[in-house]
Amino acid sequence: MTSPTDGDPRFPRGLRDPAALLTAWELAGQAPPSARAAVLVHRAGLTGSLDEALDLDVGTCAGLALQVYRDTFGEVVDAVVECPGCGERMEAGLPTDGGSGGPGSPGGPGQLGRERTVGAWVVRAPTARDLVLIAERAERDGLAAARDELLRRCVRPAAVRGGEVRGGGVSGGDGAGAVGRRVAGPEASELAVIEAAAEELAGAAVLVSVVTCPECGTAVDVSFDAGAMLWDRVAAAAPELLADVASLARAYGWNETEVLALPPVRRRAYLALADR
């Protein structure tokens, strides 16, 4: 994937600028779901290139997505939560500072690390690029092939005998070694543990907050995919901006650039006048 803003020093940081938000929405909407957070992080100016964003591990990308969310939409996420204890539906303002499982908090993306050693194997956290390719493999060849793709991309033999590396990535049974020799892949008994470690590392994109039900006092864990949360908010804000442009263009003949350049307060004032 490429971006027309790669290397452009004029590229704005953050998505508070309406034109920047619309461009980010347009480009992220064309990307596979697994890549949308990386696209938004790049468009917000937090990486030097889109390739760099796509190659971030999911926990790092989640932390940057939360930063973009806070900078663009504020510190709190409004959510409706159903209590599993009594069924009460409650409105909650969830913090984006990590809660009990976000970036930088105990057990969150900032603490999970990028790798796990599982017996004789090292499992690394997937990147957005990995997730896109694994999803494509699943759609094309089925779930078993997607599992093999995950193993090939994210699992390698651990170092043995004074740091010598037994081999590179694996694919099902065998993998190509670091110096060209073949190494045996994980045994069937190891696969479940390896896949559990991979799932845990992929879960580093999730933010967890705890809210208390006002009716019964039950503590409710609320989980969010940080990148998906940012995308949902961008996808909701973009049509509102386009509606503002359409209304003011009809009323005053202004073009999109002119409308988006208006400060929000002034834009709302003109919209109120146009509705009279």
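What you see is a predicted model; the values in this text were computed from it and never measured. When reading the values below, keep in mind they use all heavy atoms of this one structure, side chains included, and skip hydrogens, waters and symmetry mates.
Contact record, V68 with V41: CG2-CA, 4.4 Å, taken as the closest heavy-atom pair. Shortest non-hydrogen contact noted between V118 and A197 is CG2-CB, 3.8 Å. Annotation for T47 and A53: closest pair OG1-CB, 3.6 Å, computed over non-hydrogen atoms. Here the closest heavy-atom approach between residue A226 and residue A62 is recorded as CB-O, 3.8 Å. Closest of all the heavy-atom pairs between S223 and V208 is OG-CG2, 3.8 Å. Minimum heavy-atom separation, A24 to L15: CB-CD2, 3.8 Å.
Here F224 pairs with nothing under the ring pair (Phe, Tyr, Trp, His ring centres under 6.0 Å) rule; sequence neighbours left out. Qualifying side-chain contact (heavy atoms from CB on, under 4.5 Å) partners for V265, counting only residues two or more places apart in sequence or in other chains: R268. Residues meeting the ring pair (Phe, Tyr, Trp, His ring centres under 6.0 Å) test with Y270, sequence neighbours left out: Y252, W254.
Here the side chains of L242 and E256 are in contact, with some heavy-atom distance below 4.5 Å. Residues L150 and V155 form no side-chain contact, since every pair of their non-hydrogen atoms from C-beta on lies 4.5 Å or further apart. E215 has its side chain out of reach of C83: every pair of non-hydrogen atoms, C-beta onward, lies at least 4.5 Å apart. Side-chain contact between C216 and E88 is absent, with no heavy-atom pair separated by less than 4.5 Å. The shortest distance between side-chain heavy atoms of R153 and P126 does not fall below 4.5 Å. Contact check for T127 versus L54: no side-chain heavy atoms found under the 4.5 Å cut-off. Counting heavy atoms from C-beta on, the side chains of L271 and L248 come closer than 4.5 Å. Counting heavy atoms from C-beta outward, V58 and L201 have side chains that stay 4.5 Å or more apart.
L50 and L133 sit in two unconnected hydrophobic clusters of ILVMFWY residues. Membership requires side-chain heavy atoms under 4.5 Å apart, directly or through other members. Residues V122 and L191 are members of separate hydrophobic clusters, defined by side-chain heavy-atom contacts under 4.5 angstrom among Ile, Leu, Val, Met, Phe, Trp and Tyr. Cluster membership for V259 and L273, using ILVMFWY side-chain heavy atoms within less than 4.5 angstrom, is shared.
A salt bridge links E115 with R156: at least one charged nitrogen is closer than 4.0 Å to a carboxylate oxygen.
Applying the salt bridge (charged side-chain N to carboxylate O under 4.0 Å, His left out) rule to pairs touching residues 75-85 yields E82-R89, sequence neighbours excluded. For residues 132-145, the set of pairs meeting the side-chain hydrogen bond (donor to acceptor under 3.5 Å, both in side chains) definition, not counting sequence neighbours, comprises R137-D141, R137-E149. Residue pairs that meet the ring pair (Phe, Tyr, Trp, His ring centres under 6.0 Å) test with at least one member in residues 76-95, sequence neighbours left out, do not exist here.
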Step-by-step side-chain hydrogen bond (donor to acceptor under 3.5 Å, both in side chains) determination, D244 to S247: CA-CA 5 Å; D244 289 354; S247 295; 5.8 Å; no
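To the nearest 0.5 Å, atom CG of residue L151 and atom CD of residue E195 are 6.5 Å apart. Going from atom CZ of R267 over to atom CG of L260 covers 6.5 Å, rounded to the nearest 0.5 Å. With rounding to the nearest 0.5 Å, the separation of CG in L56 from CG in L46 is 9.5 Å. In this structure, CG in L230 is found 10.0 Å from CZ in R233, a value given to the nearest 0.5 Å.
Between the side chain of R36 and the backbone N or O of G227, no donor-acceptor pair lies under 3.5 Å.
Considering R129, R114, R124 as possible partners of D57, the one that fulfils the salt bridge (charged side-chain N to carboxylate O under 4.0 Å, His left out) test is R114.
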